[in-house]
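Everything numeric in this text was worked out from a predicted model, so none of it was measured. Positions are given from 1, in the same order as the sequence printed here. We count ligands from 1, going down the list as the structure has it; atoms in each ligand are counted the same way. Side chains included, hydrogens not; waters and symmetry mates left out as well; all remaining heavy atoms used.
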Amino acid sequence: MAQHASLLIESCSELLTIRGASLKPKTGKALGGLGLIKDGAVAVSGEKIIWVGDTSDVRKHVRITKETETIDGRDMVIMPGFVDPHTHPVFAGSREDEWLERLAGRDYLDILNGGGGILSTVRETRKAKKQELVRSAARHLSGMFANGTTTIEAKSGYGLTIKDEVKLLECMVALESIQPIEIVRTFLGAHAVPKEFSSSKSYARFVADAMIPDIAHSGLAEFCDVFCEEGAFSAHEAQLILESGIAHGMKPKMHTNQFNDIGGVKAADIVRPRSLDHLDVLSKTNMAQLKRIGSIAVLLPGGAFFIGRESYPDVKSLISAGVPVALGTDFNPGTCFCYSMPFIMSLACIKLGMNAEQAINCATINAAHAIDRGNTIGSIEAGKQADIIAFGVDTYESIPYSGATNQIEVRIKKGRIV
Ligand code: NIG
Ligand code: FE
């Protein structure tokens, strides 16, 4: 007998399934397809999607009863919830003062080297109690969810001691129990050099030899990340840290080429991170290296926009070279106070020259792959988790077109309308 649906969305103007890429991220021409079904239907049982197809067929395959909650998808575009593969949402204090300084011409790395920037957030975050951090992060997450994000990757990195980094990761665990967004946790102990250390070299050693074993033992982080940049960590230090992470069971990720190319991509050739993030400064040599490495290039145009950069990475060349690309917000108090994936998709189209199809794939299935979740989320296919959003628009092009305006009408997490 056909399986009973607890939830049915039918008569969708456009259903974007994003199907067919659960095992590997989409690259090249595949980024042009959305698996679009007109007058489509999705049936859900409990937390999972059980059937996807034409509305006219759904009753032949799935049992719909008066217990089935039904959503009329007419005049709506239905798609998988956004996956934001790069955020820094747990922090205290604010950085408007630094933003004003930057508007007046001061450089981001110059502020960091003077003990401000990331380090000013570290000072505030160390002082803050767990409950305060959870309360403010919950606000940010609620804004993310309102804008259609159903899963995020979240980084620590504003503690920079074992105790304070653990505090941030524990806040993320607490956050999962009080709001709908799922959180994939990343240890970013190597975000900046704290004032207690005289050099990046000595702190990198401490991260690799003392922090990583403790964090790994706590089981609080799935990924390990590092900020490879002038004034933060060298390519060699990044490699040392990520290799220690791997040895302790944490998968590598890397912030690199945000402001300068100091050899991060070359180091990645050895470490093979799951993703290389930012890549705002990218040479032809880097492109060739990226293709060989196979890491997902997580582009964060919100950061470049917020910082006021003139130039953006050459995504067309990345895509035609076959590099898997994803999009994220990089939500953080310093370089991007924006948690809206639709707005990031607008930027990706306007500033990076992506088309609507590429932006949507990069914000869903490819973003899921960037955090190793391609097999469970990021598309609407039978067997996958029912993380679904509905926009009150007629065509999918409207989503990046109107990214600065929130037009989401329904949000479903794990089969439940929230
Ligand atoms: O991804 N660049 C390093 N880390 C963050 C910024 C963090 C901050 O400024 O607080 C980023 O841009
Ligand atoms: Fe970041």
Side-chain angles (χ1 to χ4, degrees), residues 84-102 106-126 128 133 136-137 140 152-160 164-165 168 184-194 200 223-234 237-238 241 252-262 264 273-281 296-309 312-313 326-339 344 347 367 370-371:
D84 189 344
H86 184 136
T87 77
H88 308 247
V90 187
F91 58 85
S94 77
R95 305 255 287 276
E96 287 87 349
D97 51 349
E98 172 190 333
W99 183 64
L100 294 174
E101 278 187 62
R102 287 212 312 272
R106 219 169 145 206
D107 178 65
Y108 176 78
L109 290 178
D110 180 46
I111 295 171
L112 173 62
N113 291 335
I118 295 171
L119 291 173
S120 77
T121 300
V122 168
R123 281 191 290 278
E124 296 299 317
T125 305
R126 283 181 179 179
L133 290 167
S136 82
H140 306 318
I152 62 170
E153 180 261 15
K155 303 171 194 297
S156 63
Y158 293 119
L160 312 186
D164 291 300
E165 288 291 302
L168 294 179
V184 173
R185 297 184 298 271
T186 296
F187 169 63
L188 178 56
H191 195 190
V193 182
S200 60
F223 288 95
C224 178
D225 195 348
V226 51
F227 183 24
C228 180
E229 183 56 67
E230 265 172 32
F233 299 91
S234 73
E237 289 155 2
I241 287 161
K253 276 182 169 282
M254 199 169 174
H255 281 71
T256 192
N257 293 52
Q258 182 176 10
F259 300 100
N260 300 284
D261 178 7
I262 61 163
R274 182 75 200 156
S275 70
L276 290 177
D277 300 40
H278 281 291
L279 302 173
D280 291 305
V281 178
I296 299 180
V298 174
L299 303 180
L300 308 163
F305 177 75
F306 199 79
I307 287 282
R309 293 180 77 102
Y312 286 78
L327 288 168
T329 62
D330 195 15
F331 174 68
N332 76 77
T335 62
C336 188
F337 206 103
C338 166
Y339 42 56
I344 296 300
L347 286 181
I371 55 171

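When the heavy atoms of Phe91, Phe227, Tyr108, Phe337 are ranked by distance to atom 8 (C) of ligand 1, first place goes to Tyr108.
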Report the C-alpha separation of Asn260 and Val281 in whole Å, then their side-chain angles, then the decisive distance to 0.1 Å, and conclude whether the side-chain contact (heavy atoms from CB on, under 4.5 Å) test is met.
-> CA-CA 6 Å; Asn260 300 284; Val281 178; over 6 Å; no

Derivation and outcome, side chain to side chain donor-acceptor pair (under 3.5 Å), residues His255 and His191 = CA-CA 9 Å; His255 281 71; His191 195 190; 5.2 Å; no

Derivation of the side chain to side chain donor-acceptor pair (under 3.5 Å) call for His278 and Asn257 | CA-CA 6 Å; His278 281 291; Asn257 293 52; over 6 Å; no

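Which parts of ligand 1 touch Arg95 is read off a 4.0 Å heavy-atom cut-off, strictly below it: atoms 8 (C), 9 (O), 10 (O). Here is the list of ligand 1 atoms found below 4.0 Å of a heavy atom in Gln258: 2 (N), 3 (C), 12 (O). For ligand 1, the atoms lying closer than 4.0 Å to a non-hydrogen atom of Tyr158 are 7 (C), 8 (C), 10 (O). Proximity to His86 (heavy-atom distance under 4.0 Å) selects the following atoms of ligand 1: 1 (O). Counting the atoms of ligand 1 from 1 in the order shown, those under 4.0 Å from a heavy atom of Ile118 are 7 (C), 8 (C), 9 (O), 10 (O).
Screening Leu188, Leu133, Leu168 for a side-chain contact (heavy atoms from CB on, under 4.5 Å) with Tyr158, the sole residue that qualifies is Leu168. Under the side-chain contact (heavy atoms from CB on, under 4.5 Å) test applied with Thr329, the options Asp84, Leu300, Leu347 reduce to a single match, Asp84.
Phe187 contributes atom CZ, which lies 8.5 Å from atom CD1 of Ile241 (distance to the nearest 0.5 angstrom).
Here the heavy atom of the protein found nearest to atom 11 (C) of ligand 1 is Asp330 OD2, 3.1 Å. In this structure, atom 4 (N) of ligand 1 lies nearest to the protein heavy atom His191 NE2, 2.8 Å. Here the protein heavy atom with the shortest distance to atom 12 (O) of ligand 1 is Thr335 OG1, 2.6 Å.
Judged by distance alone, with hydrogens and angles left aside, the side-chain atoms of Gln258 form no donor-acceptor pair with the main-chain N or O of Leu279 at under 3.5 Å.
Of all N/O/S atoms in His255, NE2 sits nearest the Fe ion (ligand 2). Nearest N/O/S atom of His86 relative to the Fe ion (ligand 2): this is NE2. The atom name of the N/O/S atom in Asp330 closest to the Fe ion (ligand 2) is OD1.
A 4.5 Å side-chain heavy-atom check between Val184 and Phe223 finds at least one atom pair inside the cut-off.
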